[in-house]
Amino acid sequence: MDRIVRVNMSDLTTRVEPVPAAWVGLGGRALTSTVVAAEVPPTCHALGPNNKLVFAPGLLSGTAAANSGRISCGAKSPLTGGIKESNAGGTAAKMLAKLGIAALVVEGQPAADKWYSVHVAKDAITIQEEKDTVGTGNYCLVNQVQARFGKPVGVMSVGPAGEMKMLSANISVADPESHIRSIGRGGLGAVMGSKKLKFISIDDTGTPPVMPKEPAKFKEAAKIFAQTLLDHPVSGQGLPTYGTNVLVNILHEAGGLPTRNFTSGQYAAHDKISGETMHATIVARGGMPTHGCHPGCQIQCSQIYNDKDGKYLTSGFEYETIWGMGADCCIEDLDDIATADHVMDDIGVDSIETAVMFGVAMEAGVLPFGDGKGVVRMLTEEIGKGTPLGRILGGGAANVGRVYGITRVPVVKNQGIPAYDPRAVKGIGVTYAMSTMGADHTSGYAVATNILSVGGHVDPLKKEGQIELARNLNIATAAIDSTGMCLFIAFPALDIPACLTSLIDMINARFGIALSGDDVTALGKSVLKTEHAFNIAAGLTREHDRLPEFFSLEALPPHNVVWDITPEELDSYWNF
Amino acid sequence: MKIALRLYATLRDYLPDGHDTGVTLDLPDGATIPDALAVLGVPLALAHIIMIQGRRVLPPDVATRQLVDGEELAVFPAIGGG
């Protein structure tokens, strides 16, 4: 991976450059954040010509390393106003890596009101004007694009929401079955839409496999690494069997399952939407309870969920989506939630932001709590079609809260808080407050140690130890996000020492270098510091590193706990 | 005394027929968590996460913590997500 591809949407030109010396050794999030910090003015309008959209496979993407197929995407976020990295599975990371592309940087903005696509192949990078695909949903679009090329090319696209530059718009990534994975958070689909870029197609035909500098060492390390994924009970058994949605019941039992727009920590109908129920439903309908989101995924936590007639309805049906539409919006029918998930993928909106938004909209009286059919209708008829109400809803939870005068709005830096109530799972609350990404559970998944007994145990209801826990996890995650690895390797990495050492051995063998564990930690710290500096320059102060006031005012049943970590304690997070 | 025992994920295989999520157990005073699990034959080694009234019981206390009439015991194998 020795090339940077630049696509200039202002003059519709492309350019290929060698990776600058300062960026050698960076991949994934480390590279997207470095490029954004170096080249995007922090105070620019995120939807204006000075923002840049950066796609980067990870350091190990394209190799035989298990679970190394995540694609990172970065830009200034129109939702948070700060730097953003969001990553997804699909086939794009592997293809870009095989093409030798370390990063694809989309710059500028067309003057004319025309839409375009970019095709990336071995010998050429071309820009085409798009007409027929404009307005198309992501599912149909992937089929159209792959039919156009007559092969399963990689596709990264925006749906109607991205075209309309909604703050909840995501970027879809085609998976091996031509279904949808999502670069979900922070409104990156709006950035892509602002550049009038409907999709990027990738054809890796004619490219050899990515070969490590030291193949024998790489093979040995990859074998050990893969074994640790199998050996750990979470990555080897729990996730493949039930997917991420197994968390509904444990968060309910722990009193940390945000319910009815964050007014309770338990949901009476939890079993109707649980991973156990979903697993049984999938099996009964002939779906696939285990499925990988990208080539080489060994954990296989995804699934294919069929409707009552046994026809495909959705895949990658994740806990956070099911929690949001289920407990937070009180929708008990898993089929309604699956239908909503399908529509969200198709129109291209983040399922976390949108679910949190609907919880706020329900509190505002826009529709009743529990109205699953109403949610599907509003997704399809309002947001998908860009009606005035749809534009308000598509602006996300913070936007709806402002418009309707709601004070219980669970967001940090305007980004919706996912799936774990910070009052009852305080470690993740620190991550929500301090993450450079806005409220983002994946940036430092303290739930592992607070609730799941992975990496030890820190009492979720007490504030002792939470700052240090969140800080360490955010540093480690920034490093993992730079490798192209799925975040779920963190489960074995926290418990089995050989997981982390073999991961480092793979990176060293891949590039012929000699990183130590301390070097990897230093990389994570460096990524966070770079992102933090960008955010400060963009106007995000320490006062933005706080949870909404209602978490301190309203006690959460059943434990009747409030958010009690002080601003001073939160600020100590950055003492590294 | 009576306690409610709820099992999750793969541990539900240990539930008797007709019980989808859990059972009510009638136990002698002073019974412990292992005593409750033994009624259904759940191996203690598979009980990775144990909660009473929504609060974790950690390994040092699992063997000795005596159950109290009316308590709710929730038991999970190793699971994760995110």
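Numbers restart at 1 for each chain; the letters A, B, ... are given by sequence-line order, proteins then strands.
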Which atom pairs, one a donor and one an acceptor, fall under 3.5 Å between side chains of residues 250-258 of chain A and the rest of the protein, sequence neighbours left out?
residue	atom	partner	partner atom	Å
A:H252	ND1	A:Y267	N	3.1
A:H252	ND1	A:Y267	O	3.3
A:H252	NE2	A:H270	NE2	3.3
A:E253	OE1	B:R6	NH2	3.1
A:E253	OE2	B:R6	NE	2.5
A:E253	OE2	B:R6	NH2	3.1
A:E253	OE2	B:Y8	OH	2.6

* Asked: By a 4.5 Å heavy-atom criterion (distance strictly below it), what part of B:Q53 contacts chain A: side chain, backbone, both, or neither?
  ->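 For B:Q53, the contact with chain A is made by the backbone alone.
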
* Contact origin within B:I79 toward chain A - heavy atom pairs under 4.5 Å ->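 Both the backbone and the side chain of B:I79 come within 4.5 Å of chain A.
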
* Around atom NZ of A:K463, are there more than 12 heavy atoms of other residues, nucleotides or ligands at under 6.0 Å? ->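 Count over threshold, so yes.
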
At their closest point, which heavy atom of [X] faces which heavy atom of [Y], and how far apart are they?
X	Y	result
A:L461	B:R55	CD1-NH1, 3.3 Å
B:R56	A:I451	NH1-O, 3.7 Å
A:V246	B:A9	CG2-CB, 4.3 Å

* Asked: CG/B:D20 to CD/A:E276 distance, rounded to the nearest 0.5 angstrom?
  ->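 One finds 11.5 Å between CG of B:D20 and CD of A:E276.
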
* Could you grab the distance from atom CG of B:L58 to atom CG of A:D459, nearest 0.5 Å is fine? =>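 Going from CG on B:L58 over to CG on A:D459, the span is 8.0 Å.
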
* For A:H559 and B:G54, indicate whether the former's side chain and the latter's backbone hold a donor-acceptor pair under 3.5 Å. =>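 Judged by distance alone, yes, a pair lies under 3.5 Å.
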
* To do: Would you mind telling me which of A:V447, A:L452, A:I299 has the largest number of heavy-atom pairs within less than 4.5 Å of chain B?
  =>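 Greatest number of close heavy-atom pairs with chain B: A:L452.
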
* To do: Find the one option among A:N249, A:T241, A:N245, A:L239 whose heavy-atom pairs under 4.5 Å with chain B are most numerous.
  =>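 Highest number of pairs under 4.5 Å: A:N249.
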
* Do B:T10 and A:Y242 have side chains that get closer than 4.5 Å, going by heavy atoms? ->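 Contact flag for B:T10/A:Y242 side chains = yes.
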
Contact part of [X] toward chain B, heavy-atom cut-off under 4.5 Å: side chain, backbone, both or neither?
X	answer
A:S453	both
A:F491	side chain
A:D271	side chain

